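These values consider heavy atoms only, across backbone and side chains, with no hydrogens, waters or symmetry-generated copies. Nothing fancy with the numbering, it's 1 onward along the sequence. Everything quoted here is computed from the prediction, not taken from an experiment.
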Amino acid sequence: MRVSFLVYGVLYVVVEIVGAQIEAIGWPQLTALDVATAVANACLTVAVGIAVLVGADVGGRRWHRSMLAWREERARLVAESWDEPGTITVSSWRPEPLALPAGRSRGPAPGGDYAVPSRGRPFPEDPGRLL
């Protein structure tokens, strides 16, 4: 029953396209070549329409199969994750504690606590001395 409606629809589209093209040409100037062109254009239109429908159907089926496989894979992974006995490790959201700074040695640093200029090279801030 569906096939008969489909065939009737295709033939109706072909007849309408052919009729529209013949009407555009006009009956007095009509030749066999014009009729053949109209029929070829109508068949091309129907073929392109069928190709689009078949492509959409094939793409939809392929997408449906890939979605089923993806859902099955996710379900399998979820089932595997619940089957494994053991502890659940959770990473902390808190940062690691900072390391303690290195301590000073117990005695004073060798040579004192402050920098002392060497005797051979004066500082430029000293008045009267040049580098």
Side-chain angles (χ1 to χ4, degrees):
M1 184 84 164
R2 286 184 177 182
V3 175
S4 62
F5 283 127
L6 184 65
V7 170
Y8 175 73
V10 168
L11 287 176
Y12 180 76
V13 168
V14 169
V15 168
E16 283 295 320
I17 291 174
V18 169
Q21 287 185 358
I22 289 175
E23 183 73 27
I25 295 170
W27 285 105
Q29 295 89 6
L30 188 64
T31 63
L33 185 59
D34 294 330
V35 174
T37 302
V39 170
N41 288 342
C43 290
L44 178 64
T45 303
V46 169
V48 168
I50 290 173
V52 167
L53 291 175
V54 168
D57 184 48
V58 168
R61 288 179 190 216
R62 185 174 213 163
W63 179 77
H64 182 69
R65 281 194 312 244
S66 69
M67 288 304 295
L68 283 177
W70 179 71
R71 287 182 186 140
E72 288 174 2
E73 179 69 17
R74 285 192 56 190
R76 185 185 60 79
L77 290 175
V78 167
E80 282 181 4
S81 67
W82 284 106
D83 290 344
E84 294 177 7
T87 60
I88 298 175
T89 57
V90 178
S91 60
S92 175
W93 57 270
R94 295 180 188 163
E96 292 286 327
L98 297 175
L100 295 175
R104 241 183 84 161
S105 63
R106 301 209 183 249
D113 287 340
Y114 299 102
V116 177
S118 65
R119 304 216 186 273
R121 185 169 176 219
F123 285 116
E125 293 88 18
D126 291 344
R129 292 195 177 178
L130 300 175
L131 283 178

Any residue meeting side chain to side chain contact (heavy atoms under 4.5 Å, CB included) with Val54, in chain and number order, not counting sequence neighbours
Ile50, Val58
Mind jotting down which residue pairs meet the side-chain hydrogen bond (donor to acceptor under 3.5 Å, both in side chains) criterion with at least one end in residues 63-79? Sequence neighbours excluded, please.
Glu73-Arg76, Arg76-Glu80
For residues 40-53, which residue pairs pass the salt bridge (charged side-chain N to carboxylate O under 4.0 Å, His left out) check, not counting sequence neighbours?
none
Would you list the pairs meeting salt bridge (charged side-chain N to carboxylate O under 4.0 Å, His left out) in which at least one residue belongs to residues 30-57, sequence neighbours left out?
Asp57-Arg61
Which other residues belong to the hydrophobic cluster containing Leu33, where Ile, Leu, Val, Met, Phe, Trp and Tyr are joined when side-chain heavy atoms lie under 4.5 Å apart, directly or via other members?
none
What pairs of donor and acceptor atoms, side-chain ones from residues 5-25 against any protein atom, are under 3.5 angstrom apart with sequence neighbours left out?
{"unit_1": "Gln21", "atom_1": "OE1", "unit_2": "Asn41", "atom_2": "ND2", "d": "3.4"}

